[in-house]
Structures are given as structure tokens and as C-alpha cells.
Amino acid sequence: MELKNFFNASAVATALILAGCGGDIKVTPTVIDNSVDNSVTNPSTGGGDSTTNVCASYENDSGDTVQGTYDGQDCSYSTTFVSASNPLTTNVTLDDLSNDGVHYFLGSLVVGEGCNTDGGTCTIETDGPTLTVEAGATVAFNQSTSFILVNRGANIEAEGTLADPITFTSVNAFTRLDSVGNGPQYGDWGGMMIDGFGITDQCTDAQRSASTCSAESEGVTSFYGGSDNTDDSGTLKFVKIHYAGGLPAGQEAGNDLNSLSLFAVGSGTEIDYIDIYQGFDDGIELFGGAVDLKHIVITDTQDDSLDIDAGWQGRAQYVLIKQGTVVNANGVTVNMGNGGFESDGVKGTSSAEAPASAPVIANVTVLTTDGLSIRDDDESIAMKLDDMISATWYNTLLVKPVATQTWCINYSGDAAEVIVNGSASIHNSVAACAQLANAGNETVTFGSDSTTVQEWFEANDSEVIGGNADVLAANGFATLTTSTDITISAFDASTLDAFFESTDYIGAVSDTDTSSDWYNWANDAFTNAAADE
């Protein structure tokens, strides 16, 4: 069958009913499936030798082999292979296809079965299926309602390399698969969700004790949470997630998916070398858990780049965030970016077992603009503090050269207490901001005590130096280590614990490094984003 037949099918409106009946995601698709039997090889429509079907396959409960359709270059998977109502229940591998072939899905890619343990009759399979994505593989989706979901007990093992990264993206990024011809843009597909057994304040202590914690995720109904902050949901390494953030069917506007949602994901999960570009909602949002993040680049997301919530207790090092502009499918240049960090401590019911978010984060650069995000017309902000956040930042560089309608740091009344008492703090950091705080909100008061945003920022060997400071190298993202405007020293983060590496610079990337995997990963992501401005 030719590729165009799949796209004719995908053009039919899809109605999805997402509900937590027995914990499973119930979806009723109305996509017309024009595909032939996926277990047979179909004639080639170009691209290579189609005599051997190299697409992913598995054996179903009836003993039949279910396999994607190969056209000689690309593998396509109808909803009979996998969908929200037809999750994978056995191990499946997506290989790196020759001739730059793409694995593309007509529905959602759901791994493992969902289960609502709070009043439901289901049981979570703790040793569930694993989706393996080989280095160099490209996985694409053709609907804004389609997403990747790894349920509790299931795993994803997606480990690329610098030379052969794994890409999750829109089919419109490939001319041969772009049925309209406008190219890719934010919101073309849903994004990736991983549900873990970690601790989230979306459940109570009693629910955790009774093993009935089943917090309901945002956007798409799935269930997450437990009592194991060391839970292992797999690996994402050298992974690109581009053009995500679609709106799930049946959801109200604004309930879009993030590019990467980590729901109570535990520290046994490896998240390293991630490139997120042009997402419609947040880049990464963490809902509790204790997963660590390393070597993260988030560019041109419409909402917040890194959103902390619901009691996240993890660590992060090397985070590069860039807000800017993109040219959308209509040829219009639009502003991208709201908060570099949206930092929320409490989302539900906190306790000693599920305290407010208290991550430790080192070596960050946030590059803001003076624009208002196309998503909600909100300001481009480097850092937002809210809901009793207790995070600690080290070696962080905030940059805002111009501030006619924006500023660098925002806070809500719920964050006043932690700013005044120092529970939220920033160390050995630089704010190269034309305006640090919103006019009229420079003074932070809690009870009879008060401070200013600048006093809070500078309390721990940090400095505010203004928007005209010379702090960036010629490449636009690395810290200019010879800058005479920066007068403070970096903090040796390796003294915190073994997760952190020793650095001698402030910011995410040093200009003295032009050869490491981290430099090359950041440079590639930054260059890709800058090319679309």
C-alpha cells in the first residue's frame, strides 16, 4: 500500500474518549484504516529494496505476527499495530532504518497497560513490556492527538549516540511524508509521557501506604505515582523531541501535552542528552519523583522550558534554555517562550513523605527575549517561583539584554516565604538582566520580614550586572569565561554529591570547551533553533 493511502486515512477526524475505566486508557478511534495486513510485505513506493520487511513486529495473543508496513524506505504502523486503546503488551524494537527511513505511527504509541489502583480492579504488571529504540532511529507521528505513553511497570530504552541520536518528531519534517507541504511546526504531535512509581504530592500518605496511589495525569488520562523514588522507567539518552505539544482529542484548549512529561519518575531512570525544540506547551515538566536530568537543551517552546511541580526531588546539571522566535507554517514569525523555569513546590497535599519540590540544579543558562509568547501573550521570563518551591541553583546565568515589557525573575505570593527565609536560593550565579524584577514587585514581604529580589539573588555569592553586560561567547550560548563583567567565581558542584561534575565556569556551557559531547550536542541544538528565527 502506498504512503498516501495512510495519510488519506489520517485526514479523517479522530474521536477519542479518554477515561480511566479500570485504569486503562479507553480510546475509540474513528480513523479509517486503509492498510492491508501488516504481517505481509507490500509493494515498494520508492526508497529501497522492499523484498524484506524490516519493520517492528510482535506476536499477538492469537499467535499471529503483527508488523508494520514497509515501502522500501519507511515503516508505517496503523492503529491495529498499536494505539491508545491497543497498547503494546510485549517487547518491541524500532531499528535504525537504512536510507534515512522513518518509523511513523497513525495513532499513539502506548507501552504497557494503564491501571487505576485507587478503587479499580486491575493490577499493575511491574515487569511490563519494553519499547527499545535503537541509536539513529527516527520515530514520527502525523496527528496532533498522537502521543507516546510509557505506563507504570513498562519501560523505554532509547539510547542514541552523539553521531546517531534518536529523534521523535513530526512526519511533516520529511517532504515525502508531508501531505500538506507546509513543513513541521509546534503541536504537530502530542509528545512523550512516562508514568512512574515515584512519590508525588498528588497522592496522600494513606494512599501510598495502601499501594493505591494513582494520580491522574494531565492532558491524557493515565495513572502515576507510588512510594519508590528509585523507580526505573528506562533510558532516554541522546534523544531529540521536536514539534510536540499537541492537544489530545476531547480536551479543552490549554490542556496540551508537554514535549516530555515525567510523572513521578524515579532516579533509576536515566535522562541524559536531551534536545527539545519548538514544543507547544512546556519543554519538560516534572510531577514529583526523583529522576535526575543532565545535558538538557530546550529551545523555543511556547510555554515554560523546564517546569518543576508536585514535589520533584531530583537533580540537574548542564541545562541550556533559549527563548526566541520561529516561523510558523503560515510563514509568520512568532515569539516563543514564557518561563525558562516554572518552579512550583506544592501541587497537591505535601507531607514529610511528599515534601515540596526541592531539586538541586547546577550549570544553567537561560537566554530570554523581550517578547510575549504566542501561546498566551505572557512575558519571556527567566525564572518563576511559586507554591513554596525549595529549589537550589548553582552556577546559573540569566540573560536579558532588553526589557521594555519583560523582566528576569517573577514570583507569586506563595513564594514570598521561601524567598525571605532562603529555602529557595541561588548561588554563584549571574543575572545579566536589563530588568531583574517586575516594576513594583522588587520588594518581597512575608509577615514582618522582607527582602528585595536583588538582595535574594545576591545573598549567596551571586551578582546582578545588567543587560548590557558582555557574558556570551560569539556562538551566542556559551559563557564568555574571559568576561570582565563577571566578577564572581563558580561553585565546584562536585562537592555536593557524586552526580555533579566539577566545573570552573558559570552557565551551561564554557567557551573553552569546543570538542566535548556536551558542547557539540548544545551547539547542534542551538544552531538548529537559530536557523528558524
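The residues of the chain are indexed from 1 along the displayed sequence. All heavy atoms count here, side chains included; hydrogens, waters and symmetry mates do not.
- The residue from Asp304, Asp300, Asp256 that alone fulfils the salt bridge (charged side-chain N to carboxylate O under 4.0 Å, His left out) condition with Arg375 is Asp256.
- Inter-residue side-chain proximity for Phe197 and Val265 is flagged as unmet; no heavy-atom pair is nearer than 4.5 Å.
- Inspection of the Asn438 and Glu379 side chains reveals no N or O donor paired with an N or O acceptor under 3.5 Å.
- Residues Glu285 and Leu262 have side chains not in contact (no heavy-atom distance under 4.5 Å, counting atoms from C-beta outward).
- For Glu218, the salt bridge (charged side-chain N to carboxylate O under 4.0 Å, His left out) partners two or more places apart in sequence, or in a different chain, are Lys347.
- Checked against Asn172 for a side chain to side chain donor-acceptor pair (under 3.5 Å), the options Asp188, Asn182, Asn142 give a single hit: Asp188.
- Between Phe341 and Trp393, the angle of the ring planes goes over 60°, which puts this pair in the perpendicular group of the 30/60° scheme.
- Taken to the nearest 0.5 Å, the CG atom of Asp344 stands 9.5 Å off from the CG atom of Leu385.
- Between Trp521 and Tyr273, the angle of the ring planes goes over 60°, which puts this pair in the perpendicular group of the 30/60° scheme.
- Side-chain contact of Asp205 with Ser351: a donor-acceptor pair under 3.5 Å is present, judged by distance alone.
- Remark: the backbone N or O of Ala530 is not paired with any side-chain donor or acceptor of Lys322 at under 3.5 angstrom.
- Contact between Ala356 and Val346 at its shortest, heavy atoms only, is CB-CG2, 3.7 Å.
- Between Val82 and Phe105, the closest side-chain pair of non-hydrogen atoms falls below 4.5 Å.
- In this structure, Phe147 has its ring center no closer than 6.0 Å to that of Trp189.
- Side-chain atoms of Thr130 and Thr132 form no donor-acceptor pair, as typed in the model, at a separation below 3.5 Å.
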Subject >> Derivation of the side-chain contact (heavy atoms from CB on, under 4.5 Å) call for Tyr318 and Ile296 >> reply: CA-CA 6 Å; Tyr318 308 122; Ile296 308 295; over 6 Å; no
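- Using a 4.5 Å cut-off on side-chain heavy atoms (C-beta onward), Asn335 and Ser373 make no contact.
- For the residue pair Ser144 and Gly187, the shortest heavy atom distance occurs at CB-O, 3.2 Å.
- Considering CG of Asn258 and CG of Leu306, their distance stands at 10.5 Å, rounded to 0.5 Å.
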Original post:
How far apart are the C-alpha atoms of Asn229 and Gln313, what are their side-chain angles, what is the distance that settles it, and do they pass the side chain to side chain donor-acceptor pair (under 3.5 Å) test?
Top reply: CA-CA 9 Å; Asn229 261 355; Gln313 306 298 320; over 6 Å; no
Subject >> Working for side chain to side chain donor-acceptor pair (under 3.5 Å), residues Thr406 and Asp370 >> reply: CA-CA 6 Å; Thr406 65; Asp370 194 35; 2.7 Å; yes
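- Only one option out of Asn410, Asn338, Asp307 pairs with Lys384 in a side chain to side chain donor-acceptor pair (under 3.5 Å); it is Asn338.
- Here the shortest heavy-atom pairing between Gly283 and Thr301 reads CA-CG2, 3.8 Å.
- Inter-residue side-chain proximity for Met193 and Val150 is flagged as unmet; no heavy-atom pair is nearer than 4.5 Å.
- Side-chain atoms of Asn421 and Ser423 form a donor-acceptor pair, as typed in the model, at a separation below 3.5 Å.
- Salt bridge Lys237/Glu157: absent, no basic N to carboxylate O contact under 4.0 Å.
- Summarising the geometry, atom OG belonging to Ser357 is positioned 7.0 Å from atom CG belonging to Asp201; distances are rounded to the nearest 0.5 Å.
- A distance of 7.5 Å separates CG in Leu109 from CD1 in Ile156, rounded to the nearest 0.5 Å.
- A donor-acceptor contact closer than 3.5 angstrom is absent between the side chains of Thr368 and Gln323.
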**OP:** Might you work through the side-chain contact (heavy atoms from CB on, under 4.5 Å) test for Tyr277 and Asn528, ending with a clear yes or no?
**Re:** CA-CA 9 Å; Tyr277 172 60; Asn528 172 70; 3.5 Å; yes
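- Looking at every heavy atom in both residues, Leu106 comes nearest to Ser146 through O-OG, 4.2 Å.
- One finds the CD atom of Glu353 at 8.0 Å from the OG atom of Ser209 (value rounded to the nearest 0.5 Å).
- Distance CD1/Ile271 to OG1/Thr269: 6.0 Å, rounded to 0.5 Å.
- Between Asp228 and Arg152 there is no salt bridge, since none of the side-chain N atoms of the basic residue sits less than 4.0 Å from a carboxylate O of the acidic one.
- Taking the six-membered ring for Trp and the full ring otherwise, Tyr104 and Phe174 have centroids separated by 6.0 Å or more.
- In Asp497, the CG atom is crowded: over 12 heavy atoms of neighbouring residues, nucleotides or ligands sit closer than 6.0 Å.
- Side-chain atoms of Asn328 and Gln185 include no donor-acceptor pair closer than 3.5 Å.
- Checked by atom type, the side-chain pair Gln302/Asp281 shows no donor-acceptor distance below 3.5 Å.
- The two residues Ser261 and Phe287 have their closest heavy-atom pair at CB-CE1, 4.5 Å.
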**OP:** Begin from the C-alpha positions of Leu236 and Leu260 and carry the test side-chain contact (heavy atoms from CB on, under 4.5 Å) through to its verdict.
**Re:** CA-CA 11 Å; Leu236 296 178; Leu260 177 59; 4.0 Å; yes
Subject >> Test log, rule side chain to side chain donor-acceptor pair (under 3.5 Å), inputs Ser217 and Ser222 >> reply: CA-CA 5 Å; Ser217 63; Ser222 66; 2.8 Å; yes
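- The shortest side-chain heavy-atom distance between Leu94 and Tyr77 falls under the 4.5 Å cut-off.
- Between Trp407 and Leu436 there is no side-chain heavy-atom pair separated by less than 4.5 Å.
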Subject >> Derivation of the side-chain contact (heavy atoms from CB on, under 4.5 Å) call for Thr138 and Phe168 >> reply: CA-CA 6 Å; Thr138 298; Phe168 298 97; over 6 Å; no
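- Of all non-hydrogen atoms in Arg208 and Ala354, the two that sit nearest each other are NH2-CB, 3.4 Å.
- For the pair Val327 and Val332, the minimum side-chain heavy-atom distance is 4.5 Å or more.
- The aromatic ring centres of Tyr186 and Tyr243 sit 6.0 Å or more apart.
- Side-chain contact, Ser214 with Thr117: a donor N or O sits under 3.5 Å from an acceptor N or O.
- A distance-only check finds no donor-acceptor pair linking the side chain of Ser390 to the backbone of Ala358 [under 3.5 Å].
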